[in-house]
Asks: 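Questions regarding the structure given below will be posed in turn.
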Amino acid sequence: MLAFQTLRVVSLKIIGSSCNLLTNNVYSITKRCSLRSLQSQILRPLSSHQHNLKVPKVPTWEPVPEEELPRPTKIPADLVDKLERLALVDFRTQQGLECLEKAIRFADQLHVVDTSGVEPMDSVLEDRALYLRDDTVTEGDCAEELLKLAKNTVEEYFVAPP
Amino acid sequence: VSLAFREGRISPTELCRKCLNRIKKTQRLNAYITVTDEFAMSQARQSEARLLQGVDALMHFVLGIPKGPLDGIPFAVKDNFCTANIRTTCASKMLKDYTPPYNATVVQKLLDQGAVLMGKTNMDEFAMGAGSTDGVFGPVRNPWSYAASYRTQGGAASDSDWVITGGSSGGSAAAVASCTSYLALGSDTGGSTRNPGALCGVFALKPTYGLLSRHGLIPLVNSMDVPGIITRSVSDAAIVLGVLQGIDVRDSTTVPAPSALTDLPEDFDVRNICVGIPKEYHAPGLSEETLAQWSRVADLFEKAGARVKQVSLPHTRYSIVCYHVLCHTEVASNMARFDGLEYGHRSEMKSSTEVMYASTRHEGFNDVVRGRILSGNYFLLKQNYQHYFVKAQKVRRLIADDFRHVFGSGVDVLLTPTTLNDAACYHDFTQEDNRTRSAQEDVFTQPANMAGLPAVSVPIALSRRGLPIGLQLIGPALEDKKLLCVAQWIEQRVGFPSISDCDDTQESRKDPRVTRREQTSAV
């Protein structure tokens with residue numbers, strides 16, 4: 001019963017939308033005939049279409065609710081220092097910190113998944129032997145070409161500050 | 001158009017010139033970062049020389065016979081593929097003046113086939129984004145923003161209502177959609193080829209991980225990156241895949257191609273296949289119209305005799321979170337190479353190495369990249385390694401197993417939406433930050449990257465706003481050819497309109513010597 005009613009509501013909605021399209025249609029057709037085939041292309045699926053039952057009509061999940069997540073992480077100042085040194089990217093601004101906290105919060109959703117007994121997956125090619133070539137030098141001797149790419153060089157050295 | 005070349009109805013240099021002119025005319029799209037006009041013309045001339053071999057046996061020997069179906073065909077490459085002596089920037093200040101000394105393997109293969117390089121296309125900085133809006137050279141505009149279908153139905157009030165291409169290979173998709181090249185290379189890490197393919201109404205293929213070499217593709221996520229192929233027809237993509245697939249000694253993560261790709265059959269019989277509809281792909285936020293198209297194509301399959309059944313991939317909802325962690329951690333590692341010493345931007349600050357590194361990276365990267373490097377480093381800290389990184393790797397296995405179970409149960413191909421909606425207008429899209437948008441837009445596309453499976457986006461229909469909607473097909477690993485067959489079957493039946501049908505101006509591109517089909521397809 002409920003399924004039937006849902007179907008009726010859905011089909012009414014579809015007819016409703018196609019009515020709007022019809023109004024647009026008339027306007028557009030008087031302006032540009034070449035769009036007629038386009039219009040019918042769009043109208044066809046919406047007006048005559050009965051929803052395929054294998055395709056779910058409503059979303060089948062929601063994002064993990066806040067209550068199910070562990071406590072939000074606060075990032076202490078010494079961790080900020082450490083991260084800056086490791087990443088060599090500065091983020092002392094409030095915006096940088098907020099961005100990091102949001103990213104962590106988003107990642108916290110992982111913890112509702114039960115992964116007991118599951119091995120981590122490094123690569124999708126784990127079940128095959130990959131081709132490795134012989135350990136012989138086949139090309140090289142291009143130091144000059146590569147040094148050209150750097151801003152600061154001396155002879156065959158890249159120059160770094162102290 | 002390959003046939004048109006052979007029959008002498010149009011020459012490679014004429015076509016090249018036309019495409020270059022078209023690039024100039026469509027400059028407002030900002031699809032290209034670098035246009036290689038001289039290089040393109042010289043390649044076109046060489047292609048022409050091969051075609052005009054004449055009967056002189058000596059000339060035939062000297063000039064060589066035409067190389068194949070791609071000889072003389074204009075193509076574009078996303079700007080994160082290295083191209084010898086041609087600036088390669090990744091749309092970032094960090095590599096703004098970087099000129100690689102070598103060609104990426106996939107680029108080299110196309111050049112070896114005689115294809116003509118039009119230029120390097122615009123993208124999100126370092127391929128991080130889902131809109132092609134965050135590159136240092138500005139955002140890319142969707143060619144459909146200027147099509148009559150959008151101008152009349154989409155409620156576009158002014159020029160500022162242009163829509164995005166999607167990302168991050170937006171420039172490549174725009175180049176193919178606006179007919180300035182016949183095919184383009186993109187990269188696909190979380191959907192970066194399929195997303196703009198769907199929003200720009202072109203065909204996009206993400207091959208099986210390992211089938212195409214990543215040598216020369218500036219890496220984002222080594223375990224998920226794949227060079228992607230964007231074309232206006234499925235048959236063209238099949239040809240390109242045939243040329244590009246296979247082991248590369250320079251990329252140890254390549255696998256042998258399952259078989260030489262011959263032409264796709266004209267009349268593929270769908271009665272032999274089982275199409276799966278994963279129920280979790282009706283995600284929150286899916287538009288009513290995309291849902292309707294999904295249902296319509298499922299019907300098409302059923303009416304033609306294919307088996308269609310609903311299946312379940314239970315870990316789909318965690319896929320985007322898992323991707324988020326793995327992506328950020330691999331990015332943190334891959335971006336470490338940019339320190340200003342060997343190549344790329346270098347800061348003027350020189351009080352110490354660390355200071356120079358830090359300021360180079362601050363100046364060279366935008367907020368998005370810096371944000372990802374930071375969170376990646378956070379997840380990789382010893383105290384967090386198990387908790388986030390390894391946990392994500394475990395969830396990745398669960399996701400890959402979901403697919404394995406479904407394909408093992410007799411399903412040949414999965415049918416899902418590619419994106420939640422049609423293209424958003426730039427103003428609306430930029431109301432949320434890059435990370436939020438990526439999390440929303442990548443929801444259908446990144447599971448295939450997690451599992452390394454081949455996937456395509458097929459343009460299906462126009463939305464109420466006159467913009468393209470695409471649907472995605474995912475197949476088992478290394479069954480790219482079957483996937484293309486099914487995609488072509490859909491393409492033949494949905495009647496997606498060509499952008500020229502929706503074009504306001506009758507451009508000189510409509511050449512009477514070249515048939516409509518030849519204008520769209522390389523072969």
Side-chain angles (χ1 to χ4, degrees), chain A residues 17 21 24 28 31-32 34-35 37-38 41-42 45-46 49 51-52 54-56 58-63 83 86-91 96 99-100 102-104 106-107 109-111 113 115 118-125 128 130-133 142 145-146 149-152 158 160-162, chain B residues 101 148-149 152-153 209-210 223 247 249 252-253 277 279-280 282-284 292-296 298-299 308-310 317-318 321-322 324-325 341-343 346 350 352-353 356-358 361-362 370-371 373-375 377-378 388 390-398 400 451-452 461-462 495 497:
Chain A
S17 351
L21 266 176
N24 280 341
S28 304
K31 285 210 92 175
R32 259 176 271 262
S34 60
L35 285 180
S37 58
L38 263 178
Q41 231 264 6
I42 297 165
L46 289 178
H49 186 66
H51 190 90
N52 186 304
K54 312 273 170 42
V55 176
V58 293
T60 50
W61 56 272
E62 285 167 355
L83 272 176
L86 280 173
L88 282 171
V89 163
D90 45 351
F91 74 117
C99 187
L100 178 60
K102 271 198 219 146
I104 299 171
F106 189 70
Q109 290 177 75
L110 276 181
H111 300 112
V113 185
T115 52
V118 181
E119 282 299 302
M121 182 185 225
D122 287 315
S123 163
V124 298
L125 300 176
R128 22 181 31 184
L130 295 178
Y131 173 80
L132 290 175
R133 62 191 172 104
C142 50
E145 251 188 297
L146 295 177
L149 298 172
K151 290 249 161 62
N152 205 342
F158 294 112
Chain B
S149 56
T152 49
Q153 288 156 234
Y209 179 83
S223 66
I247 291 250
V249 296
S252 63
T253 58
I277 309 277
K279 65 179 196 216
E280 290 82 3
H282 190 148
Q293 293 301 330
W294 191 13
S295 175
R296 170 188 167 215
D299 277 348
V308 176
K309 70 175 188 179
Q310 194 179 88
R317 77 177 73 179
Y318 307 112
V321 185
C322 184
H324 167 89
V325 173
L341 268 187
E342 299 98 341
Y343 44 74
R346 180 177 173 138
K350 45 191 172 186
S352 77
T353 309
M356 190 277 274
Y357 283 173
R361 288 155 72 82
H362 181 86
R370 294 207 309 272
I373 294 174
L374 264 170
S375 37
N377 275 106
Y378 178 83
Y388 285 100
V390 177
K391 179 83 181 178
Q393 288 191 308
K394 291 180 179 179
V395 176
R396 183 177 186 176
R397 180 177 297 285
L398 291 175
L462 293 182

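A, B, ... follow the sequence lines: proteins, then strands. Residue 1 opens every chain.
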Asks: Taking the side chain as C-beta and beyond, is there a heavy-atom pair between L110(A) and C322(B) under 4.5 Å?
Replies: yes

Asks: State whether the side chain of R370(B) and the backbone N or O of V89(A) hold a donor-acceptor pair below 3.5 Å, judged by distance alone.
Replies: no

Asks: Decide ring-ring contact (aromatic ring centres under 6.0 Å, His included) for H111(A) and Y388(B); before the verdict, give the C-alpha distance in whole Å, the side-chain angles of both, and the deciding distance to 0.1 Å.
Replies: CA-CA 9 Å; H111(A) 300 112; Y388(B) 285 100; 5.2 Å; yes

Asks: Using non-hydrogen atoms only, which part of E62(A) is less than 4.5 Å away from chain B: side chain, backbone, both, or neither?
Replies: backbone

Asks: State whether the side chain of T353(B) and the backbone N or O of P161(A) hold a donor-acceptor pair below 3.5 Å, judged by distance alone.
Replies: yes

Asks: Looking at R317(B) and T60(A), what are the two nearest heavy atoms and their distance?
Replies: NH2-O, 4.3 Å

Asks: Is the NZ atom of K279(B) crowded by more than 12 outside heavy atoms at less than 6.0 Å?
Replies: no

Asks: I'd like to know if the side chain of K350(B) reaches the main chain of P162(A), judged simply by a donor and an acceptor atom lying under 3.5 Å from each other, with no hydrogens or angles considered.
Replies: no

Asks: Pick one of side chain, backbone, both or neither for V308(B), based on which atoms fall under 4.5 Å of a heavy atom in chain A.
Replies: both

Asks: Working note: S252(B) + L132(A), criterion side chain to side chain contact (heavy atoms under 4.5 Å, CB included); need CA distance, chi angles, decisive distance, verdict.
Replies: CA-CA 6 Å; S252(B) 63; L132(A) 290 175; 4.2 Å; yes

Asks: Would you say the side chain of K394(B) lies within less than 4.5 Å of the side chain of E119(A), judging by non-hydrogen atoms?
Replies: no

Asks: Looking at every non-hydrogen atom in both residues, tell me the closest pair between L149(A) and P101(B) and how far apart they are.
Replies: CD1-CD, 4.0 Å

Asks: What closest approach, in Å, do Y378(B) and L83(A) show between heavy atoms, and which atom pair accounts for it?
Replies: N-CD2, 3.6 Å

Asks: Can you check whether P63(A) reaches P284(B) side chain to side chain, under 4.5 Å on heavy atoms?
Replies: yes

Asks: Just how far is it from atom CE of M356(B) to atom CG of L88(A), taken to the nearest 0.5 Å?
Replies: 10.5 Å

Asks: Looking only at heavy atoms, which two atoms of H282(B) and P56(A) are closest? And how far apart?
Replies: ND1-O, 2.7 Å

Asks: Is L341(B) in contact with chain A via its backbone, its side chain, both, or neither, using a 4.5 Å heavy-atom distance?
Replies: both

Asks: Is there a side-chain contact between K391(B) and T115(A) in this structure, where contact means two heavy atoms from C-beta onward sitting under 4.5 Å apart?
Replies: yes

Asks: Is the backbone of V55(A) close enough, under 3.5 Å, to the side chain of W294(B) for a donor and an acceptor to pair up by distance?
Replies: no

Asks: Please round to the nearest 0.5 Å and tell me the distance separating atom CZ of R133(A) and atom CD1 of I247(B).
Replies: 13.0 Å

Asks: Please round to the nearest 0.5 Å and tell me the distance separating atom CG of L86(A) and atom CD1 of I373(B).
Replies: 12.5 Å

Asks: Between atom NE2 of H324(B) and atom CD1 of I104(A), what is the distance when rounded to the nearest 0.5 Å?
Replies: 8.5 Å

Asks: Checking the side chain of Q310(B) only, and the main-chain atoms of K54(A) only, is there a donor and an acceptor separated by less than 3.5 Å?
Replies: yes

Asks: Going by heavy atoms in the side chains, are Y343(B) and L146(A) under 4.5 Å from each other?
Replies: no

Asks: Taking the side chain as C-beta and beyond, is there a heavy-atom pair between N152(A) and R346(B) under 4.5 Å?
Replies: yes

Asks: With a 4.5 angstrom heavy-atom cut-off, is it the side chain or the backbone of A283(B) that approaches chain A, or both, or neither?
Replies: both

Asks: Would you indicate whether the side-chain heavy atoms of N52(A) and R296(B) approach each other to under 4.5 Å?
Replies: no

Asks: For the OG atom of S123(A) and the CD atom of Q393(B), what is their distance to the nearest 0.5 Å?
Replies: 10.5 Å

Asks: Which heavy-atom pair separates R361(B) from A87(A) by the least distance, and what is that distance?
Replies: NH2-O, 3.0 Å

